[in-house]
Amino acid sequence: MSHYAVTNPATGEVEETFATYSDEQVETALDGAQIAFEQWGRTSSKAERSALLRRVADLYEERKEELADIIHHEMGKLPEECLAEVEFSGAIYRYYADNGESFLEDAPIQREAEGSAVIRKLPIGPLFGVMPWNYPYYQVARFAAPNLMLGNTILLKHASLCPKSSAAMERIFLDAGFPNGAFTNLYITNEQSAAVIADHRVRGISLTGSERAGVAIASEAGAALKKVVCELGGSDPFILLSTDDMDATVAAAIGGRYENCGQICNGAKRFIVVDSLYDEFLSKFAKASEKLELAPLCSKAAAKHLAEQVREAVESGATLALGDGVNDGAYFRPAILTDIPEESPARYEEFFGPVAQFYRVKDETEAVKVANDTVYGLGSYVFTTDPEQGERVANALETGMTYINEVGADSCELPFGGVKNSGYGRELGALGINEFVNLKLISTSTPGRF
């Protein structure tokens, strides 16, 4: 029996199931990706690839209501957030359609000897993507768009919660005119996934998921001498050092914590506030949190796990300043943890849901120390009225991204990725097209030199 199913978290009802692929089907898909690469990666022009990516973006726009409804049922996201995700995903494909040709231009090298030399960006072959459930379309777009523009082909293993959205994406690429095998959806087991990673036809792996999954997949890829891009967990700090508009700062914090019901890798999770602002900020944040009507988490199991984390945090000495920390099926009301002891495991865990941690600090130096006291290093947020302080703190934070006086600023042109246990590699922007690429030197001697 397949473990790929649409289970509506709001009702607990299994609405649709999808059969796991046989080994023979996986072999056919691998062959198809390699055959498509011979056409797509080696013979199609950049202009042709750009035109088809633009058609994909058009189809996302044309089908946005249908696509949004699919993920609303798959993982419970609010309808307006579903629609926003579809639109952002389409924008990513359009961004690489519009900018991909310039990103892929030859880079000339000034030779010391006579002749010429360039670095040419060429594709490397079929890529395998292992993607998560929290942003079913967006996460795939970050991986697929730049690599299809480059000429690589895509094999997708989506989360078991997202079988219908992954099939819808495959259909979009086919309807847009991509060759068979350029983008292939796979309903496969973890054992089959390991076999795909080891297969000689697959030349790179991209994972967005948990730290545990990153260790497993990076180990398998390393054994096969294949490059991996990993976007893993995060416990992003939101540092408040000064403000001239507390209400606006609280509103930003609420958005940063509760987007997608808190199920976001680079969401603000740890609020680190200077002593003079702590009480006011916490009070207003708590009052705003109480008024929220949140969607369910992705599953009852996810909500139950979050409740267990809160319970263990309280048992280790933390104060539950808001909420009861108990799940109701897949639903979980906002919760706030304060006074978390230094020895508490809660300080070092990722809470993937609507739970906020609060830390009181005396100054900038202590704020940076608390922020960096984590194995994670994905994103970070700094709120201050002092521009020089914002730059200084941003430089001191051990993260791949820092946003100063803003949240929710993710955009097609801004690279995304982390350091430490949050992974490595970058997606989006000009950097996103340079991960799975053959940076090939082509050096030409002056005729008649020899």
Side-chain angles (χ1 to χ4, degrees), residues 32-61 86-107 118-129 131 135 137-156 166 169-185 202-208 227-229 231 410-417 425-440 442:
Q34 180 62 38
I35 292 168
F37 172 65
E38 296 296 331
Q39 172 191 351
W40 180 251
R42 299 195 189 281
T43 65
S44 65
S45 68
K46 291 189 284 288
E48 290 170 332
R49 299 198 289 270
S50 175
L52 289 188
L53 276 183
R54 190 167 290 107
R55 179 57 184 149
V56 167
D58 292 341
L59 289 175
Y60 267 78
E61 177 64 26
V86 174
E87 291 172 341
F88 189 17
S89 301
I92 292 170
Y93 290 107
R94 196 174 304 281
Y95 173 79
Y96 284 103
D98 292 344
N99 297 284
E101 291 189 67
S102 62
F103 290 159
L104 297 176
E105 289 178 354
D106 287 351
V118 298
I119 297 296
R120 183 158 298 156
K121 297 179 180 180
L122 297 174
I124 60 173
L127 306 176
F128 182 48
M131 296 290 123
Y135 287 91
Y137 300 120
Y138 163 64
Q139 303 279 9
V140 175
R142 291 192 329 203
F143 162 56
N147 284 300
L148 286 168
M149 181 63 217
L150 177 57
N152 295 317
T153 56
I154 302 296
L155 293 155
L156 170 66
S166 57
M169 284 183 277
E170 183 181 56
R171 174 45 52 193
I172 282 176
F173 284 102
L174 291 171
D175 291 349
F178 278 71
N180 289 328
F183 184 101
T184 305
N185 174 45
V202 171
R203 299 312 314 154
I205 298 92
S206 180
L207 164 73
T208 299
K227 181 174 182 178
V228 185
V229 167
E231 194 270 277
D410 302 47
S411 189
C412 302
E413 75 281 5
L414 300 180
F416 189 104
R426 292 296 180 267
E427 297 176 312
L428 295 179
L431 298 183
I433 209 165
N434 289 324
E435 291 291 349
F436 297 103
V437 61
N438 178 4
L439 296 171
K440 186 169 186 176
I442 299 179

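Basis for what follows: all heavy atoms, side chains included, without hydrogens, waters or symmetry-related copies.
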### Query
With side chains defined as the heavy atoms from C-beta onward, is the minimum distance between V229 and F143 less than 4.5 Å?
no

#### Entry: Donor-acceptor pair between R42 and Q39 side chains, under 3.5 angstrom
no

### Task
Would you check if L155 and L127 make a side-chain contact, meaning some heavy-atom pair closer than 4.5 Å?
no

### Task
Please round to the nearest 0.5 Å and tell me the distance separating atom CG of D106 and atom CZ of R120.
4.0 Å

### Task
Determine the minimum heavy-atom distance between V56 and F178, stating which atoms define it.
CG2-CE1, 3.5 Å

### Query
Are L122 and V437 side-chain neighbours, meaning at least one heavy-atom pair lies under 4.5 Å?
no

### Task
Would you mind reporting whether R203 and F436 have side-chain heavy atoms less than 4.5 Å apart?
no

### Task
Identify the heavy atoms of A430 and F103 that sit nearest to each other, and give their distance.
CB-CE2, 3.7 Å

### Task
Would you check if S45 and E48 make a side-chain contact, meaning some heavy-atom pair closer than 4.5 Å?
yes

### Query
What are the two closest non-hydrogen atoms of N438 and P123, and how far apart are they?
CB-O, 4.3 Å

### Message
Measuring from atom CZ of R55 to atom CZ of R94, what distance do you get when rounded to the nearest 0.5 angstrom?
### Response
10.0 Å

### Summary
Nearest heavy-atom contact between A145 and I92 is CB-CG2, 3.9 Å

### Query
So, R54 and D98, do they make that salt bridge, N to O below 4.0 Å?
yes

#### Entry: Validation row: M131, S206 side chains within 4.5 angstrom (heavy atoms)
yes

### F183 and F173 aromatic ring geometry - parallel, tilted or perpendicular at 30°/60° bounds
parallel

#### Entry: 4.5 Å side-chain heavy-atom contact, I154 and N147
yes

### Query
About how many Å separate OH of Y93 and SG of C412, when rounded to the nearest 0.5 Å?
11.5 Å

### Query
Any sub-3.5 Å donor-acceptor pair from Y96's side-chain atoms to G429's backbone N or O?
yes

### Task
Dump the intermediate steps for side chain to side chain contact (heavy atoms under 4.5 Å, CB included) on L156 and T184, then the final yes or no.
CA-CA 6 Å; L156 170 66; T184 305; over 6 Å; no

### Task
State whether R49 and E101 are salt-bridged, where the test is any N-O pair (Lys NZ or Arg NE/NH1/NH2 against Asp/Glu carboxylate O) under 4.0 Å.
no

### Query
Can you find a heavy atom in the side chain of R142 that is under 4.5 Å from one in the side chain of T208?
yes

### Query
Can you tell me how far CG of L439 sits from CD1 of I124, rounded to the nearest 0.5 angstrom?
10.0 Å

### Summary
W40 and P179 have their tightest heavy-atom pair at CE3-CD, 3.8 Å

## Note on the structure
Output for pair (M169 CE, I172 CD1), nearest 0.5 Å, gives 8.0 Å

### Query
Relative to each other, are the rings of Y138 and F88 parallel, tilted or perpendicular (30° and 60° limits)?
parallel

### Query
Are K121 and N434 linked by a side-chain donor-acceptor pair shorter than 3.5 Å?
yes

### Query
What's the spacing between L207 CG and Q139 CD if we round to 0.5 Å?
10.0 Å

### Query
Is it true that K227 and E435 make a salt bridge, defined as a side-chain N closer than 4.0 Å to a carboxylate O?
yes

### Heavy-atom closest pair, residues L428 and L414
CB-O, 3.5 Å

### Query
Any donor-acceptor pair under 3.5 Å linking the side chain of N152 with the backbone of G125?
yes

